Amino acid sequence: MHQRHLPASPNWYCSRCSDINGKGVLGFGAKNTIYLLNVTASSPAVTGELTGHTERVSGFAFCPHDGQERICASTSDDKTVKIWDAGQKILLKEHNVHQSTISAVHWSPVQKLLLVTGDEKGIVVCYWFSSNDTQSFFPEPRTIFCLSCSPHEENYIAVGYKDGMIVVIDISKKGEVIHRLRGHDDEIHALAWCPQPREEPLYGRSEDKTDGSNGVTEAAEMGCYLASGSRDQTVRIWSTARGKGVMTLKLPFLKRRGSGVDPVVKERLWLTVHWPKGQPSQIVSSCFSGEIIMWDLMKSGKQKWSLLGSSSDGQNHSRIVFNMSSFRSGDRELLLSTSMDREIKCWDLASLECCWTLPTLGGFVYCLSFSPVGTGCLALGIGDSMIRVWNTLSIQNQYDIKTFWQGIKSKVTALAWHPLKEGTLAFGTDDGKVGINEVYSNKPPQISSTYHHRTVYSLSWGPPVPPMSFGGSGDKPSYSLYSCAGEGVIFQHDPWKLSGEASNIDKLIRDTNNIKHKIPPHTDLSWKPDGSVLAIGNEDGSIEVLKAPMLKLLCTVQQHHKIINSLRWHHEHSSQNELQYLLASGSTNAIVYVHDLKSAIETPSEIPVLMTESFRTLSGHTNKITSLAWSPHHDGRLVTVCYDGTAQVWDVLKEEPVCNYRGHSGSSLACKKRVEMEKKRGPQKKSKKKKAAPEKRGMKAEERELPLGEEIKGAAGSGAEEGQSENDKEEEERENTDGPSVTGWYREISVDTRGIERVQNGERFSHAVKREVKEEKKREKSDLSLKKRKPRSILPLSTSMDHRPKEELQQDCLTLAAVRYSHGQSGTCVTGSGDHIQLGLFTDRDALYRMFQEEEESHVEAGHYDSMVYLRLWKGDLIGAINLAAEKGELTDHLLSLAPMAGYQVWARTVEAYVKQLCHHEQFLKAASHLVSIHKLYEAINLLKNHQFYREAIALASARLQPEDPVLKNLFMSWAAVLEKDGHYATAAKCYLAADSNFDAAKVIAKKGDVISLRTAANLAQISGESELAHSLSLRCAKDLMLFQDWAAAQEVLRTQDSLLGHRLVFSVNEILTQRLADTDVVTWSVASSHTWSKSCEENFLSMVHRVWQSEFGVAATDLVQVKMLHQQLRTVENPPATTSVPLKHLLFHISLDVTLCALSQLLCDWPSVLEELLQALTRGYEAGHFTLMAEMCQLLVTQGLETVTFYKQKLDSTDERSLVISQSVEALVCYQLMYKKWWNYSAETSALTNNTISNGHRLTEKNHSEVEANCNGEAQSDVIFSEGFWKVLLSEPHANLQATQRAIAEIQRRVTSLIQQHNPCKDSESLSTLTARVAEHHKALAAIPELVNKYPFPDVMECCIVLLHMEKHFTPFPPHIHSKATTLLCKYGTTELLCKAWKRLTQ
């Protein structure tokens, strides 16, 4: 027989509760059962289940070894580990080594048949299945959340903990911790090893960038990557070779189309990860709202992920995903996922599309109903507060199910389709709600305004009866909705106006039939299909048959002796007309009766008939009947569903069974209803004699005290519990619930086969029935704990005296009569005390007080202080009651409300005592509110402040104190300090602003240091009048923007401060300079934004700067006052000396400041300053070791070379020695870079000539080579570099002397340092004193050199001499005296070893 199954929902919040083997068998834990599915790319098929655990299954895993795929393991909250054969569905072995709840399980992929489990106490247990040996380890005293065995190293196990710690242990070394991987700061939800054994380089690894290698070391080859998913919203990749993280992946927040951002989505996160086999560079992880994303670890850029199921809506899960596992089916890699949305999905990892979705059930199936209009449309009422409508005839999707949850807050216990209107479905719930859903519409359901007080057991559509039937045909609906609930009432609802009040049909029944006695509570109803007759089942086992529309009683059936669970009329379209009068009924006994009511309906008598004999009796079930249904395809064919877990099909006319459907692991729950309630009352004391009617009536009364669905775990062997509603904070439960399966064969049996849930061919069930009955008896005692406990008596002693034997109670009556009529002469009996304490309630007040006194003493001994307080309160001793309650810490809101009766002082003292009590229980907000009530405002504020309730304290202070009260400012400042310490800078700034501390507000916002924060802080400081702070913050922000090359934003920030005009000039120069250098090899980065006036052009650099200043900033030579002020402002800006470690962007900014000062000095015609600042600009590139930058700056600032310097020298005063020395240094730097440029150009030309070849492969002839060289030499002779004045500038003997002395001092200092470090004399036996004396001599020589020569930078003279002598070999010889001077300077000052080597290498 073809079957389709809806299994129970997989358990939630487990690190590994589902797994799939290489054969495509998926197993998952659902409550305390394990379901097995055969999985293909097209569809799933439920193949069976593994039962044996007594509590929730917390983990499940298949053995990964070849040939052992059928072996699997499960863990449970019952602290057992079970090993199963999934093929034969039998238990192989089990162990209970764990003493705490087991939280993780995994089979070792390397060690054969090694199973590793971990529990919440931190114990890791290794179990070798073949030898049945176990070994326990305790690596860390932390709660284990997950673990994973290495697929490459047989002894390595990764363990993830609740606090975010991950450790890798070696079980061959007694669980020694190999690595502690720190980085996560919250629960580790999943661990996954890379399927590839080597650690290939990943994009973005910091190690690969810092060590200069490709990242593949010998240790990396031995290691393996490990992925972890944590509740801190990150996935991290770890290197087990290095013992540290190599990549962090932050989950993206994917906002669903048309939906807002759920503020609790991130708090409800479960982040599981899976590393598919054969894909070492890709991992799969869950996301915030049920999305599944695939990460490409080798992908560059910010978005490394791809979303599964992104091609169309509805493919993704709608709630968080808990477990994922994959296997290869043919040439396709399939991924299976389980989620909180109670769906199992299959994904194709190649296309990232969903292959199929299998819905599951999160609660008991309370009711089933096929639509009489929509063929094959099956509605399911589930205990997870949802209705599922299943199109069982769908060809493309055999699990085409729509889910309805709106308006439903509890279990769905009753369903009824409209007999004519397609898609109209009525439902009833556990909380007494009745509603109507339009399943083909997206509108929310209509809810009746009339609620039942108990669970709705049954619904039925029928013709309207008074008062709804009054009026014209167009004014009333053709069908009314009738509902029956646990309180025994049947309501008639108007489907056109559910907001109106529903009517109780009992009033109509009573009036029509003139009933004076009490009507028994109703338990079920069923309208005859033609709407002419209504059958009502009652709690006492009777069935009433009433004729519509006035509900005239036709007959009463008194066959059953227990409550009626189900009534069903035979359908009308049978070949035998008399069958339509058959009424089947089932009750809590195991017999089904069928009555023929033809005579009672067709020929009714004036007096209702009492029927005590049935037409047919169907015996065969062993437990309570839960539901009945007539087959619409056969005559006289009835299916009955029983608590014994079977569905029996009967041929009613032959009174014999046709077939029996078995396979349920527990009771059939489609119509759980009242039979479950009776089962709960099993532990009651039973009398030896059965009294039919009183017993049933009493049971029904108790039943109404218990809401439906409070069944115990595994009730009657079902092994399932109810789940919370999806729209009732189900995410808070951290434990999924499930119910029994539903199969797709109901349609083949009946239109409304409610009660049959699953069929499994070939499975034996007789043992399940026996086990169920036995387990039910065992569990009856535990059911008592689920009942609502009776409140403790406040008079326990006197109450207990009323439970004595009947003779003693009767003697009390005589004693009481003697006391009352002895007129005080009965001295032997003191009522209200001792053995006569119970009589104090029936005599005078003195006796009552004596009784109270003894009851109080009893309560004190038992620790029931609240009861003692109430007794004193009843006596009128209010102050005593309050004082006693305060002393015992038992004050309540009720006592506090009574305290004003004793006066203001008592009330105030009581409030203070209650405040202390509340603080002891950490109810600080309530305590502060009570302090406010007695006008202790400052104490209340201080209480809130001391316990970190700053927001509430500020709210209270702002509402009640004066604005100038210093307490309010102190609160703001204290909270700001706490917020600042915790990193909440924006809120801290608000506090500072509220406390009028504007400076602190701006400073705290700027603490973060990013551009947005700095800009905000600067604007805040500007608005609040902190101009100096605004100045510094704006400048700091602009410098950060400069580093990002965002020139437009930088100028925008500076424009807000008038005092920053000088800095705007510096930034403009920096922008122009960067644009000019972008054409060279100096600037290689891109510019984020720039101005049009900064674009590179052929104009002289300084002329362009002056033009831009005038046009954009209004700075020109005409306003000398402004120019002078700007010059003075910028001279105060610190510009540190250049070093080789200064980043290029900072170096350019320092040069820009020098150039800006130089340009301003030009406008002021201050030529000495022009030369000095020009020298500083040129020197920075030289001192930083960036020769190309120095050369480019010379080209920009000294465009004509020495001619430009000569022009500046002509502007100087000939008597200004300082300016002349500066000009000499500028000349030297210009000549220095020209010297090198000529040398390098010549070297490049010579290399090109040497390497040049002609077409026939021969080199240039010697003659041609000589001609070219002669031409080059001729051109070189005409160059300025060969002039005598050129070399005279460079070969400065004073500077040579200075530099030689400095080198000598540096060498001696180096030798002294070496001497001190070695703690030994030098090789040449020089002592420390000798070296010190030599340093002193050199310092004297250094002091003799003119200060101006020492102050300003100058090129290395020895370097220039060596280059000159080298160039002389390739050019026409220089004048003899130039050659002689260079040689002399080298011999005199170039005596160091390094200079001698360079001289010999380049000149000889």
Side-chain angles (χ1 to χ4, degrees), residues 263 882 885-886 889 891-1008 1013 1016-1030 1033:
I882 291 174
L891 283 172
T892 62
D893 291 330
H894 176 61
L895 281 175
L896 188 64
S897 66
L898 299 176
M901 296 171 58
Y904 177 81
Q905 296 298 330
V906 174
W907 173 63
R909 289 197 305 269
T910 306
V911 170
E912 291 177 357
Y914 193 35
V915 165
K916 293 180 181 179
Q917 180 179 316
L918 290 172
C919 290
H920 180 70
H921 293 91
E922 298 184 355
Q923 299 183 38
F924 304 114
L925 292 176
K926 189 175 181 180
S929 301
H930 282 296
L931 284 175
V932 172
S933 68
I934 57 173
H935 307 294
K936 292 197 173 185
L937 189 59
Y938 288 102
E939 289 84 350
I941 295 172
N942 194 49
L943 174 65
L944 293 174
K945 175 187 173 184
N946 291 339
H947 293 93
Q948 305 296 310
F949 288 92
Y950 287 102
R951 189 183 299 273
E952 292 77 4
I954 289 173
L956 177 59
S958 299
R960 301 294 294 271
L961 298 181
Q962 295 298 322
E964 61 275 5
D965 197 308
V967 171
L968 186 59
K969 182 175 181 179
N970 182 47
L971 280 174
F972 279 119
M973 296 298 288
S974 300
W975 192 24
V978 173
L979 291 169
E980 184 176 355
K981 182 179 179 181
D982 294 340
H984 304 297
Y985 298 133
T987 311
K990 295 175 189 175
C991 293
Y992 282 129
L993 286 172
D996 294 328
S997 184
N998 303 325
F999 184 89
D1000 293 328
K1003 290 288 286 184
V1004 76
I1005 288 184
K1007 258 194 170 185
K1008 197 169 184 181
S1013 300
T1016 303
N1019 292 336
L1020 192 153
Q1022 179 72 15
I1023 294 172
S1024 56
E1026 300 289 345
S1027 56
E1028 292 185 3
L1029 181 60
L1033 291 175

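Source: prediction; values computed, not measured. Start at 1 with the first residue, then count along the sequence.
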Trainee: What are the two closest heavy atoms between A995 and F972, and how far apart are they?
Mentor: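 What the structure gives for the nearest pair is CB-CB, 3.8 Å.
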Trainee: Taking all non-hydrogen atoms of both residues into account, name the closest pair between Y950 and L971 and its distance.
Mentor: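 Closest heavy-atom pair between Y950 and L971: CD2-O, 4.3 Å.
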Trainee: Test side-chain contact (heavy atoms from CB on, under 4.5 Å) on L979 and V1004 and set out the steps.
Mentor: CA-CA 10 Å; L979 291 169; V1004 76; over 6 Å; no
Trainee: At what distance, to the nearest 0.5 angstrom, does CG of N946 lie from CD1 of I941?
Mentor: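 So the gap between those two atoms works out to 11.5 Å.
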Trainee: What's the spacing between Y938 OH and D965 CG if we round to 0.5 Å?
Mentor: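 Answer rounded to 0.5 Å: 3.5 Å.
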Trainee: Which pair of non-hydrogen atoms, one from A1021 and one from A1002, has the smallest distance, and what is that distance?
Mentor: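 In terms of heavy atoms, the two residues are closest at CB-CB, 4.0 Å.
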Trainee: To the nearest 0.5 angstrom, please state how far the CH2 atom of W975 sits from the CD atom of E980.
Mentor: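 Reported to 0.5 Å precision, the distance equals 14.0 Å.
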Trainee: Quick check: are there more than 12 heavy atoms from other residues, nucleotides or ligands sitting under 6.0 Å from CD of E922?
Mentor: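 For E922, atom CD is not crowded (no more than 12 foreign heavy atoms under 6.0 Å).
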Trainee: Under the salt bridge (charged side-chain N to carboxylate O under 4.0 Å, His left out) test, which residues partner K926, sequence neighbours left out?
Mentor: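 Salt bridge (charged side-chain N to carboxylate O under 4.0 Å, His left out) list for K926, sorted by chain: D893.
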Trainee: On a heavy-atom basis, which atom in V915 and which in A927 lie closest, and how many Å separate them?
Mentor: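 Where V915 meets A927 most closely, the heavy atoms are CG2-O, 3.5 Å.
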Trainee: If the plane angle is over 60° it's perpendicular, under 30° parallel, otherwise tilted; pick one for H947 and F924.
Mentor: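 Because their plane-to-plane angle is under 30°, the rings of H947 and F924 count as parallel.
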Trainee: Is L896 close to L891 at the side-chain level, that is, under 4.5 Å between some pair of heavy atoms?
Mentor: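 Side chain of L891 against side chain of L896, heavy atoms only: no contact under 4.5 Å found.
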Trainee: For residues 982-990, please give each side-chain donor-acceptor pair under 3.5 Å, one per line with the distance, not counting sequence neighbours.
Mentor:
none

Trainee: Where the side chain of S897 meets the backbone of H894, is there a donor-acceptor pair that is under 3.5 Å apart?
Mentor: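 Yes, S897 side chain to H894 backbone: donor-acceptor pair under 3.5 Å.
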Trainee: Looking at residues at least two apart in the chain, or sitting in another chain, which of them share a side-chain hydrogen bond (donor to acceptor under 3.5 Å, both in side chains) with K1008?
Mentor: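 Applying side-chain hydrogen bond (donor to acceptor under 3.5 Å, both in side chains) to K1008 gives none.
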Trainee: To the nearest 0.5 Å, what is the distance between CG (L968) and CG (L956)?
Mentor: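 Nearest 0.5 Å value for the CG-CG distance: 10.5 Å.
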Trainee: Can you see which heavy atom on N998 is nearest to which on E1026, and at what distance?
Mentor: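 The answer is CB-CG, 4.4 Å.
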Trainee: Using a 6.0 Å cut-off, check whether atom NZ of K945 has over 12 heavy atoms from anything other than its own residue.
Mentor: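 Yes, the 6.0 Å shell around NZ holds more than 12 heavy atoms from other groups.
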Trainee: Can you check whether S958 reaches I954 side chain to side chain, under 4.5 Å on heavy atoms?
Mentor: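 Yes - at least one pair of side-chain heavy atoms lies under 4.5 Å apart.
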Trainee: What distance do T910 atom OG1 and I882 atom CD1 have between them, rounded to the nearest 0.5 Å?
Mentor: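 It is 4.5 Å, given to the nearest 0.5 Å.
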Trainee: Measuring from atom CD of E952 to atom CG of L943, what distance do you get when rounded to the nearest 0.5 angstrom?
Mentor: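 Spacing of CD (E952) from CG (L943) equals 11.5 Å.
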